[in-house]
Engineer: 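My questions will all concern the structure given below.
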Amino acid sequence: MSAPVASRAAGTAPDAAKPLLSVRDLRKHFAIRGGILSRVVDKVHAVDGVSFDIKAGETLGVVGESGCGKSTTGRCILRLIEPSSGEVWFQDADVMKMDRNALQAMRRDMQIIFQDPYASLNPRLTIGAIIGEALIIHKLVKSRQAMEDRVVQLLETVGLRPDHMRRFPHEFSGGQRQRIGIARALAVEPKLLICDEPVSALDVSIQAQVINLLEDLQEQFGLTYLFIAHDLSVVEHISTRIAVMYLGRVVEIAPAAELYDTPLHPYSEALLSAVPIPDPTIKRKRIMLQGDVPNPIRPPSGCHFHTRCPIAKPDCATRVPELRESKPGHWVSCHYRG
Amino acid sequence: MALVSALALAVILFAVLAGPFIWRVPINEIDFAAKLQGPSWKHPLGTDDLGQDLLSRLIYGGRISIAVGFAAMVVAIFFGVLVGAIAGMSSGRVDAALMWVTDLFLSLPQLPLLLLVIYLFREPVKGVLGVEGGAFVLIVAVIGGTRWMSAARLVRAQFLSLREKEFVEAARALGASRLRQVTQHILPNALGPVIVVATIDVAAAIIAESTLSFLGLGFPSDVPTWGSVLRDAKDYLDIAPHWALFPGALIFITVLAINFIGDGLRDALDPRRVL
C-alpha cells in the first residue's frame, strides 16, 4: 500500500510549489517486550505508513480518535521519537538522516506546542527562564539584558505582561500557560510549528482565544502549522487542509471546506456527523460506528477500517486501499468511495 | 515545627562549637573523688566513672557526632544521586547493572561488613591520617558507603518519571543537551524527596556512629562521642542514669530536629507553595 504513495506527493497537485515539509511512509512501531528474556513479543503499530505534504504558510489539520497516531506522527517529525522507518523532508533536507549538529540547527526551524499546559512547563523555573532557555541554547542573545528584552517582547506577542517574567508556572491559568508554551516555541523564530492538541486541555472560551492567537501569529510571522486535534470543529476553523487519521494511517486529505461539505471516506463521514450544528432546524443523520477502535497491536487486515465500516465489502479485509486523488487536491483511501 | 527544630539544632550546634570556649573543663580530667555524681553546679550534667565532666565530654563528642553525620550524608547523597541519575537517564544494560549493584549493597548485611572494613583498614588509614582523622574518614566512608542505595533508587525512580514529562520533551525539542536536560529540568524537580532522605541520612549516620562507638569500633576509646559516652554508661544505668540519659537525649533531639528541618526544607523549596 505504501510504495505507490511514497513515490508521489500525497495531497498536493504535482505542479504545486515545493512543500515545506514532506512526510513519506512514516512508520513507528513500539515494541512490546515480555517473558523472562524480555524478547519483543509484539508491536504497537502507532503510525503505519503516513504520508502528507505541508506547504509554507498553510495549516494542515490532523484529526482522528485517541490513539490513532496523531501525536506520535508529530513527535516523529521532530525526532522526539525515533521513527521506525520513513522519510521526513524539511526544506529539502532529510530529517531522518540528520546528525546531531544538523538536528540542532533544524530545531530552530521546527517547534512544538504541547497538549497539557500543566505538564509542559518546568515548575521550578520562572517564565523568563523557560522562554529564555531557547535563546541560551541557540546563542541568540549576547547579554542578559538582551535576553530579558527578547523575553518581554515574546510575552507581549502572546498577550502576556512583561512582569509575568519573574513568576512561576503555577501562578498562571491553563490558557496563560499555553501562551507561555507558545512564546517558548516562538523564541527561536521557527518556520513550522507542530501544535499537538494545543487547546484540548482548555475551557471552550479559552480555546477560541488561543486559536485566534495562533491565527494572528501565523499571519504576523508567516508560520506553517501542523495542527493536531481530535475535535473537528476546532480544526475546521484554523485549517487550510485537513488530514483524517485512523489507526496509524491517513484515510483522507482534503481542503478544509471540501472535507466538511463532501467527505468521501466513511470514517470521515462518521466523524463529521458527530460535530454538533448550531442550528436546530438542520437535521442530519448521525452515523454511529459500531464497536471500538481495534487494538493497534493487531490492526485489522486490508483496510484498517473494514471492521467498523458501514459500506465494507468482503475484499476490504484483504486489499489495502491506497491513498489516491479522487478530485484535485482531495485524496482518499477507500476502494468504494471517491 | 521546622522552625522550632531549626532553633533547637542551632542551639545544639552553637553549644558544641562555642561550648569549649565557655565551659573550660578539660574532657579528660580525672577526679575519682567526684565519680558518678549526678548533676551539680560544678558538673551540670554530672560525671562518669572516672569523675570526668560529662558536659565537656558531650560538647566535644557532639562535634564529632554531628560532623560524622553531615559528612556521611554528603557522601551517601553524592553517590546516591550520581548512581541514580546515571541509571535513570541511561536505559537498558547500564541501568540494569547499576540497579543490580544497588540491590547487592542493599542485601549485604551491614554490620558485619562495617566490622570487617574497619578491622581491615583501620591500621593503614590511621598511619596516613593520624588516629582521630583516620577514624573520622573511615567511619564517614563506611557509613556513607553503605547508605547511598535508598537515595539512588529514589533518584532513579524520579528520573524515570521526570524524563518523560512534557517540559523535558520541550527542552529536547528546543535542542537542549542531555546534561542541560538533567541539570536544568530533571534534577531540580527530583530533589524534593532527596532532601528528605538526606536529612534522614544525617540522623541515621549519627545513630550509626553511635552504634559503631557502642561496639568499640568507632573512635579510640578515649575520644568521647555521643555514642561512646552512651556505651560507657551502659554498665552504670542503675546507679548513674544521668550518664546515659544526657547523650541519649542529645542524639534523640538532634535526629528529630534534623528530620523536621528536612520536611520543612522540602516544603520551602517547592515553588508551588502558596505564600
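Reckoned from all heavy atoms, side chains included, excluding hydrogens, waters and symmetry mates. Per chain, numbering begins at 1; letters A, B, ... match sequence-line order.
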Engineer: Report which part of A:I113 has an atom under 4.5 Å of a heavy atom belonging to chain B: side chain, backbone, both, or neither.
Structural biologist: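 For A:I113, neither part sits under 4.5 Å from chain B.
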Engineer: Output, in order, the C-alpha distance, side-chain angles, deciding distance and verdict of salt bridge (charged side-chain N to carboxylate O under 4.0 Å, His left out) for A:R79 and B:E169.
Structural biologist: CA-CA 11 Å; A:R79 275 181 65 184; B:E169 208 172 12; over 6 Å; no
Engineer: Please check if the number of heavy atoms outside A:F221 that lie under 6.0 Å from its CZ is greater than 12.
Structural biologist: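 Correct, the count exceeds 12.
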Engineer: What part of A:E133 gets within 4.5 angstrom of chain B, counting heavy atoms only: side chain, backbone, both, or neither?
Structural biologist: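 For A:E133, the contact with chain B is made by backbone and side chain together.
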Engineer: Could you check whether any side-chain N or O of B:H185 sits under 3.5 Å from a backbone N or O of A:R124, counting only pairs where one atom can act as donor and the other as acceptor?
Structural biologist: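 Not at all, since once roles are kept as given, no pair shorter than 3.5 Å links the two residues.
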Engineer: Could you report the tightest heavy-atom contact between A:S120 and B:A170, atom names first, then the distance?
Structural biologist: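 Looking at all heavy atoms of both residues, the shortest contact is O-CB, 4.4 Å.
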Engineer: Please check if atom CZ in B:F79 has more than 12 non-hydrogen atoms from other residues, nucleotides or ligands closer than 6.0 Å.
Structural biologist: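 At most 12 heavy atoms, drawn from other residues, nucleotides or ligands, come within 6.0 Å of this atom.
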Engineer: Check A:R75 with B:E166, please: is the shortest side-chain N to carboxylate O separation under 4.0 Å?
Structural biologist: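 Here B:E166 pairs with A:R75 in a salt bridge, since their nearest N and O are under 4.0 Å apart.
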Engineer: Closest heavy-atom contact between A:I137 and B:G175?
Structural biologist: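 In terms of heavy atoms, the two residues are closest at CG2-O, 3.5 Å.
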Engineer: How long is the span from the CZ atom in A:R107 to the CG atom in B:L174, to the nearest 0.5 Å?
Structural biologist: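 Rounded to the nearest 0.5 Å, the CZ-CG separation comes to 9.0 Å.
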Engineer: Out of A:D116, A:V188, A:I130, return the one with the most heavy atom pairs under 4.5 angstrom to chain B.
Structural biologist: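 Most heavy-atom pairs under 4.5 Å with chain B: A:D116.
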Engineer: Just wondering, more than 12 heavy atoms not from B:L104 lying within 6.0 Å of its CG?
Structural biologist: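 Check passes, neighbour count above 12.
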Engineer: Within a strict 4.5 Å, meaning less than it, do heavy atoms of the A:P169 and B:F167 side chains meet?
Structural biologist: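 No, their side chains stay 4.5 Å or more apart.
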Engineer: Name the member of B:K165, B:Q184, B:R180 that forms the most heavy-atom pairs with chain A at distances under 4.5 Å.
Structural biologist: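 That would be B:R180.
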Engineer: Under 4.5 Å, counting heavy-atom pairs only, tell me which of A:N122, A:I112, A:L121, A:I136 racks up the most with chain B.
Structural biologist: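 Highest number of pairs under 4.5 Å: A:N122.
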Engineer: Please state whether the side chain, the backbone, both or neither of A:L80 comes within less than 4.5 Å of a heavy atom of chain B.
Structural biologist: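 Its backbone and side chain both get close to chain B.
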Engineer: Among B:P188, B:A173, B:S177, single out the residue with the greatest number of heavy-atom pairs under 4.5 Å to chain A.
Structural biologist: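 Looking at each option in turn, the highest pair count goes to B:A173.
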